[in-house]
Amino acid sequence: MSKIRTRIAPSPTGFLHLGTARTALYSWAYARHFGGEFVLRIEDTDVARSTQDSVDQILQSMRWLGLDYDEGPIYQMQRLERYKQVLDQLIAEGKAYYCYSTPEELDAVREAKKARGEKALYDGRWRPAPGKTLPPVPEGVKPVIRFCNPPDGDVTWDDLVKGPITISNREIDDLIIARTDGIPTYNFAVVVDDWDMGITHVFRGDEHINNTPWQINIFRALGAPLPQFGHCPVILGDDGQKLSKRRGAVSVTAYEEGGYLPEAMLNYLARLGWSHGDDELFTREQLVSWFDGTHLNKSPAQWDPAKLLWVNGQYIKQADNQRLAALTAQQLAKLGVTLDATAAEQHLPRVCALLKDRCETTVALAQWAARFYADVTPDAAELAQHVTDAVRPAVALLAEKLSSCTWDKASIAAVLKDVLAAHGLKMPQLAMPVRVLVMGTAQTPSLDVVLELCGREKVLARLAKC
Ligand code: GLU
């Protein structure tokens with residue numbers, strides 16, 4: 001058996017869409033599972049819509065997700081010579097032909113067919129046939145190249161995801177494989193590439209199912225070996241419609257910026273459309289060892305932001321504090337909070353360790369951690385509820401004792417106890433107002449640690465506002 005080679009072939013007309021990221025992930029995991037190779041190809045033949053910015057974003061998202069490729073990025077626009085060579089060959093062999101029909105003529109044919117209740121396919125007017133006289137070549141019209149699709153019979157393949165699929169050749173027409181400017185169309189370039197690059201398995205979105213019969217026919221016309229195809233269903237938004245920009249974030253970049261961890265994203269994306277028993281959380285290594293192309297769902301999966309958040313939270317909890325601190329520092333900077341090197345390297349990891357059980361993204365971590373570094377504005381309602389005249393003297397005593405005690409968790413805990421005893425209070429009666437004053441919220445982790453990490457100076461300044 002030849003070496004397994006898979007690929008992902010995004011068009012650089014925007015960011016890396018979650019759906020494409022998922023098929024990239026499946027292609028990558030499949031290659032890794034079987035000790036094969038994974039190729040990245042940039043399908044940039046739509047010159048008007050392809051941009052370098054988009055290529056950069058795609059590469060960044062692949063890097064972020066850790067989808068390392070063995071070859072590429074290979075750019076289709078750098079392979080035009082090769083496509084031309086194959087086009088010439090097909091024409092020479094009578095398997096493709098120049099078509100001079102103008103858009104107006106084609107429209108007219110389509111309308112007439114529709115009016116007769118027929119499928120609006122190309123009428124084959126320029127298709128050569130034994131004994132057929134072709135129309136005279138019109139002057140000044142640049143031709144497209146069409147592929148001689150077999151007029152009859154069926155195209156059948158056993159889809160890795162959907163099972164056997166059959167589409168009749170009567171349903172499809174002679175596809176345009178090169179435009180008037182000579183640039184090949186997707187369905188042609190993709191075949192030449194998959195052939196040249198030795199691709200054995202193609203995973204892609206099921207919006208391409210209708211393209212596959214054409215591609216299979218072109219593979220056959222070229223005498224090229226057929227890869228196996230696996231068409232993954234679309235990802236739906238919570239309204240049951242295809243996930244799209246209007247329905248929330250659909251780019252990998254948005255999740256990177258939104259404080260998600262790449263391993264959580266990888267886990268969630270893999271599980272969305274594939275399963276390994278009841279496993280919800282798994283490592284990259286487990287995915288690779290389990291992913292053999294089976295157990296891919298035939299029906300669409302629904303994007304579930306709450307579940308993704310939960311998955312991310314699980315990974316945040318386990319993440320190394322130093323790493324979390326580095327990511328949180330980036331998010332803090334976006335909030336306008338910059339830390340000096342000592343704070344970033346020594347203090348912030350401790351803050352992250354304290355908060356990571358309650359924050360599901362590094363954005364949430366940063367929002368929380370900011371209370372340790374920037375001014376806090378306590379919620380007015382919480383202030384009124386907890387910081388009452390009855391408790392002010394106790395807060396004042398606490399401030400006094402904190403101004404001179406040893407600054408560590410145990411000493412701070414002892415001071416809190418002393419103040420409770422002196423004023424006959426229960427812990428919440430003192431802790432709540434102190435939390436609101438120091439952290440701006442009554443919901444905080446253990447108060448002694450919070451105070452210790454906040455630092456004496458800040459704690460005293462904030463308590464003084466009592
Ligand atoms: N450029 C195509 C896309 O982004 C690739 C489809 C394929 O994998 O064949 O949809």
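In each ligand, atom 1 is the first atom listed, and ligand 1 is the first ligand listed.
Distances below 4.0 Å separate heavy atoms of V190 from the following atoms of ligand 1: 9 (O). Of all atoms in ligand 1, numbered sequentially from 1 with element shown, those under 4.0 Å from a heavy atom of R7 are 7 (C), 8 (O), 9 (O).
Where the criterion is an N or O separation shorter than 3.5 Å, residue side chain and backbone included, E43 meets it with respect to ligand 1. For ligand 1, the polar-atom distance check finds no N/O of P10 at less than 3.5 Å from any of the ligand's N/O atoms.
Aromatic ring centres of Y30 and H201 lie closer together than 6.0 Å.
A cation-pi arrangement is not found for R22 relative to W303, the charged atom failing to lie both closer than 6.0 Å to the ring centre and inside a 45° cone about the ring normal.
A salt bridge does not link D193 to R7: none of the charged nitrogens lies less than 4.0 Å from a carboxylate oxygen. Between D70 and R32 there is a salt bridge, since at least one side-chain N of the basic residue sits less than 4.0 Å from a carboxylate O of the acidic one.
Contact annotation: the side chain of F15 never approaches that of S61 to less than 4.5 Å [non-hydrogen atoms, C-beta and beyond].
No heavy atom of Q215 sits closer than 4.0 Å to any atom of ligand 1. Residue contacts with ligand 1 include Y186, since one or more of its heavy atoms lies under 4.0 Å from the ligand.
The local environment of OH in Y98 is sparse, with at most 12 non-hydrogen atoms from other residues, nucleotides or ligands closer than 6.0 Å.
In this structure, of H208, R204, H231, the residue bringing a heavy atom nearest to atom 3 (C) of ligand 1 is H208.
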